[in-house]
Novice: 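Have a look at the structure that comes next, please.
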Amino acid sequence: EAGVVQSPRYKIIEKKQPVAFWCNPISGHNTLYWYLQNLGQGPELLIRYENEEAVDDSQLPKDRFSAERLKGVDSTLKIQPAELGDSAVYLCASSLEGTSTDTQYFGPGTRLTVL
Amino acid sequence: AQKVTQAQTEISVVEKEDVTLDCVYETRDTTYYLFWYKQPPSGELVFLIRRNSFDEQNEISGRYSWNFQKSTSSFNFTITASQVVDSAVYFCALSEVNSGNTPLVFGKGTRLSVIA
């Protein structure tokens, strides 16, 4: 069974440019998560989707970040415009359901460098 | 609020040594889940174990073992006879149940280096 797929794996852009990350969760997983991982830190939740609905986006900086999961399967996270402080790893995870008891499975992440 | 502390930032051991990674958590919830993940240099977080707050039995899986003690709010992870392939960053995480669908909260991780 394929795991969580993310692309690109690496992205280097100049500040003020837009950037987008793509994630395809494990087949059959209803819940999808986007996390931000800064260097030397654990992942922090940005947004959680249950099917196509964003049920927790309280930590998403909405002035420059946006996300969508239109058909309840794959998802895109966008930053526009990117700032130097956005350099980090963006991780996508999925779980069968969205309960606290459910195990989340992670993709390899996208490492973003903003110059 | 929930919190996970991994006091060991980096640990270095020689191959075949045993090593224990510490995890201390804080929660007001009576029902919660604890997790350990491994993050190798490739970047992907690999799920290792999930344990609920009502199950204090220690668990062993091959060279890995976990010691859950509610009295000290700890969920420590031991690797026996470490190998170079164990080199990675290990994260402990906590999820509360009765407080609603709270996010999974991670510690800052412990970087383990196993030297041949």
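To find a chain, count down the sequence lines: A is the first, B the second, and so on, and within it residues start at 1.
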Novice: Can you find a pair of side-chain heavy atoms, one from B/L104 and one from A/Y35, that are under 4.5 Å apart?
Specialist: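 Touching, per the 4.5 Å side-chain cut-off.
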Novice: Other residues, nucleotides and ligands only: do more than 12 of their heavy atoms fall within 6.0 Å of NZ on B/K70?
Specialist: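 Atom NZ in B/K70 is packed in, count exceeds 12.
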Novice: Treating Ile, Leu, Val, Met, Phe, Trp and Tyr as nodes and any side-chain heavy-atom pair under 4.5 angstrom as an edge, say whether A/L84 and A/L36 lie in one connected cluster.
Specialist: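 Looking at the clustering, A/L36 is in the same group as A/L84.
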Novice: Are more than 12 heavy atoms, taken from residues, nucleotides or ligands other than B/I60, located less than 6.0 Å from that residue's CD1 atom?
Specialist: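 No - once you tally the heavy atoms of other residues, nucleotides and ligands closer than 6.0 Å, there are 12 at most.
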Novice: Only counting residues at least two apart or in another chain, list the ones meeting side-chain hydrogen bond (donor to acceptor under 3.5 Å, both in side chains) with A/Q59.
Specialist: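 None.
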Novice: Considering only heavy atoms, which portion of A/Q6 lies under 4.5 Å from any heavy atom of chain B: side chain, backbone, both, or neither?
Specialist: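 For A/Q6, no heavy atom lies under 4.5 Å from chain B.
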Novice: Any idea which of B/G43, B/C92, B/A93 has the most non-hydrogen atom pairs under 4.5 angstrom with chain A?
Specialist: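 Looking at each of B/G43, B/C92, B/A93 in turn, B/G43 comes out on top.
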Novice: Same cluster or not: A/L91 versus B/V105, using hydrophobic residues (I, L, V, M, F, W, Y) connected whenever any side-chain heavy atoms lie under 4.5 Å apart?
Specialist: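 Cluster IDs for A/L91 and B/V105 differ.
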Novice: Are the side chains of B/F91 and A/Q41 in contact, using a 4.5 Å heavy-atom criterion?
Specialist: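 Of all side-chain heavy-atom pairs linking B/F91 with A/Q41, none is under 4.5 Å.
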Novice: Do A/Y33 and B/V97 belong to the same hydrophobic cluster, where Ile, Leu, Val, Met, Phe, Trp and Tyr are linked whenever their side-chain heavy atoms lie under 4.5 Å apart, directly or via other members?
Specialist: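 Hydrophobic grouping puts A/Y33 with B/V97.
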Novice: Using a cut-off of under 4.5 Å on heavy-atom pairs, state which of A/P43, A/G109, A/G40 scores highest against chain B.
Specialist: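 If we count pairs closer than 4.5 Å to chain B, A/P43 comes out on top.
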Novice: Does anything in residues 107-116 of chain B reach chain A? List residues with heavy atoms under 4.5 Å apart, or say none.
Specialist: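 Within residues 107-116 of chain B, the residues that come under 4.5 Å of chain A (heavy atoms only) are B/G107, B/K108.
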Novice: Go through the atoms of B/Q6 and report whether side chain, backbone, both or neither lie under 4.5 Å from a heavy atom of chain A.
Specialist: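 For B/Q6, neither part sits under 4.5 Å from chain A.
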Novice: With the 4.5 Å side-chain cut-off for hydrophobic clustering, are B/Y64 and B/V19 part of the same group?
Specialist: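 Yes; tracing contacts between hydrophobic side chains, which count when under 4.5 Å, links both residues.
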Novice: Flag the pair A/Q104 / B/Y37 as yes when at least one side-chain heavy-atom distance between them is below 4.5 Å, and no otherwise.
Specialist: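 Heavy-atom side-chain distance check passes, below 4.5 Å.
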Novice: Please output the residues of residues 82-90 of chain B in contact with chain A, using a heavy-atom cutoff of under 4.5 Å, in numerical order.
Specialist: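 So far as heavy atoms go, nothing in residues 82-90 of chain B approaches chain A to under 4.5 Å.
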Novice: Does A/K71 have more than 12 heavy atoms from other residues, nucleotides or ligands lying within 6.0 Å of its NZ?
Specialist: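 No, not enclosed.
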Novice: Of all residues at least two apart in sequence or in a different chain, which pass the side-chain hydrogen bond (donor to acceptor under 3.5 Å, both in side chains) check with A/T103?
Specialist: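 Residues passing side-chain hydrogen bond (donor to acceptor under 3.5 Å, both in side chains) with A/T103: none at all.
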Novice: Measuring heavy-atom distances to chain B, does A/R9 have an atom under 4.5 Å in its side chain, in its backbone, in both, or in neither?
Specialist: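 For A/R9, the contact with chain B is made by the side chain alone.
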Novice: Are B/F35 and A/I26 connected in a single hydrophobic cluster, I mean Ile/Leu/Val/Met/Phe/Trp/Tyr linked by side-chain heavy atoms less than 4.5 Å apart?
Specialist: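 Same cluster: A/I26 reaches B/F35 through Ile, Leu, Val, Met, Phe, Trp or Tyr contacts under 4.5 Å.
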Novice: What part of B/Y32 is in contact with chain A, defined as an atom under 4.5 angstrom from a non-hydrogen atom: side chain, backbone, both or neither?
Specialist: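 Nothing of B/Y32, per the 4.5 Å heavy-atom cut-off to chain A.
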Novice: For B/L45 and A/Q37, work out which heavy atoms get closest and say how close.
Specialist: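 Shortest heavy-atom contact: CD1-OE1, 4.4 Å.
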